[in-house]
Number of protein chains: 2
Amino acid sequence: MKVSELSAESGVSVATIKFYLREGLLHAGLQTAANQADYDGGHVRRLRLIRALIDVGELPIAAVRATLTAVDDESTSLHDAFGAVMHGLDTVPPDDTAPDIAAARREVDAWLRRRRWKIEPDAPAPHALATAVAILRQFDFPVTLADFDEAAASAERSAEFEVAYARGMADRAAAVETMLIGTVVFERALAEIRRLALEAVSARTERRHGSGPRRPV
Amino acid sequence: MKVSELSAESGVSVATIKFYLREGLLHAGLQTAANQADYDGGHVRRLRLIRALIDVGELPIAAVRATLTAVDDESTSLHDAFGAVMHGLDTVPPDDTAPDIAAARREVDAWLRRRRWKIEPDAPAPHALATAVAILRQFDFPVTLADFDEAAASAERSAEFEVAYARGMADRAAAVETMLIGTVVFERALAEIRRLALEAVSARTERRHGSGPRRPV
DNA sequence: ACAAATGGATAGCGGAACTATCCACTGACC
DNA sequence: GGTCAGTGGATAGTTCCGCTATCCATTTGT
């Protein structure tokens, strides 16, 4: 398979494929001559993975590279490869540690201990969660970490399913890839479902409260 | 309050405040002289809202403007104002309607009808969900819309709570603002919890499967 | 024999979100 | 009342990102 065919197969332009090759996201094809190389199904699949991470996961190129490097390194554990996507998904803020975020962060850490969730200390997710809580409070939402207990239990159940599914794969590469896609794409799907639910409920109650342009409730 | 004070209060630089004023995200202060204006708590609050939409919701400036315009327009219903954020959250893809996405889209629409969720026909969420499903299938996940039933039911319950909470606010402006923050920030918080759950479960099973760098399962 | 395509290198582009500079002016302190 | 940092307003510049476009020497298929 040559570039033009790879491009047709994957829907990614030749120029962009070249760019990904340069950036080290896609491994070079098998060289058959000074200016000829041969690509295979692995390249198609890899391109699909790259596009999924970029389009659905909205990872920046650098994070995609870091993730794929971990994926390709056989000595990286499934768990660590997976950690790489996590870091890519959450853009780590520079240092904005406002006092109320710090307070929320301590609550988050206590909550994680209570749940017996062992999280890498410099993972971005706890900080992001603390930030979200702090912002909700700024806007007068009376929110506690306990309010997330149900969501956490449900997330844990589905995480167990997903991880078991990935670990059941034939080989490590497939397991890591499955984990990546599962993380990124399921997250997106669930977010969309939440949005749909909000829109549906909002529409329903709008009708109940009277149709047409509304005045204050 | 003058710019420098507003800047200190909100943590947004003067240059950026000027930029937001120019872009129409922030309404001008009360003019007291040719080159003097007075800002108040409303401006601080608005800046916080803008930053939340940009930082947490990752909305582009244009979407923030569209949203805030709907918020400020008294004749826009709560539901419609809320629809504006939805459109901003999902970056609408140009036209990439691959055949497998179209098929998934039909399933999504049927699923929505089954749930009796009335969704605006050109809302981006159903398309995004269909895309996610199509991608999962490309990677051999045997996924059905029915697999999302539980998540949907749970999303609906929390949406009902959120909408009721917002509709209970004293005035329309507060209700819309609450809805916005709730949508964007809760979504983020739930996503982070999902990531934490995955990391915790992954770490736990990693240990069970043996520590240190892993070979194929 | 020769047009089309390839790999490799380098330069350019367009959008987004700020940031910096300049200016004429003013309000607040000395 | 002088002065000077700060202000609003306008305009231009910067940085980053994710591609695109162009060039070129080689090679391939016909």
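Numbered from 1 within each chain, the chains take letters A, B, ... in sequence-line order. Heavy-atom basis, side chains included; hydrogens, waters and symmetry copies ignored.
- Minimum atom distance to the side chain of A/Arg22 is reached by C/dT10, of the listed C/dT10, D/dT7, C/dT6.
- You'll find that the side chain of B/Ser13 is closest to C/dT19, out of C/dA17, C/dT19, C/dG7.
- A donor-acceptor pair shorter than 3.5 Å can be found between the side chains of B/Glu156 and B/Trp117.
- Checking D/dT7, C/dT6, C/dC18 against every side-chain atom of A/Asn35, the shortest atom distance belongs to C/dT6.
- Closest-nucleotide positions on DNA chain D for B/Ala33 and A/Ala33 were compared, and the one nearer the 5' end corresponds to B/Ala33.
- Side-chain contact annotation: A/Ser13 with A/Thr16, donor-acceptor N/O pair under 3.5 Å present.
- Ranking D/dT7, D/dT26, D/dG9 by closeness to the B/Val3 side chain, first place goes to D/dT7.
- Put simply, CD on B/Glu23 is 14 Å from P on D/dT11, counting in whole angstrom units.
- Minimum atom distance to the side chain of A/Tyr39 is reached by C/dG7, of the listed C/dG7, C/dA17, D/dT28.
- The side chain of B/Lys18 has D/dG8 as its nearest neighbour among C/dT19, C/dG7, D/dG8.
- Residue A/Tyr20 places at least one side-chain N or O under 4.0 Å from the OP1 or OP2 atom of D/dC19.
- The side chain of A/Arg51 contributes an N or O atom lying less than 4.0 Å from OP1 or OP2 of D/dC19.
- Between B/Thr16 and B/Ala34, the residue anchored closer to the 5' end of DNA chain C is B/Thr16, taking for each the nucleotide with the nearest heavy atom.
- Side-chain polar atoms of B/Arg167 and A/Thr205 form a donor-acceptor pair below 3.5 angstrom.
- Out of C/dT19, D/dT28, D/dG18, the shortest distance to the side chain of B/Phe19 is found at C/dT19.
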Test log, rule side chain to side chain contact (heavy atoms under 4.5 Å, CB included), inputs A/Arg105 and A/Asp109: CA-CA 6 Å; A/Arg105 177 61 202 258; A/Asp109 287 338; 3.2 Å; yes
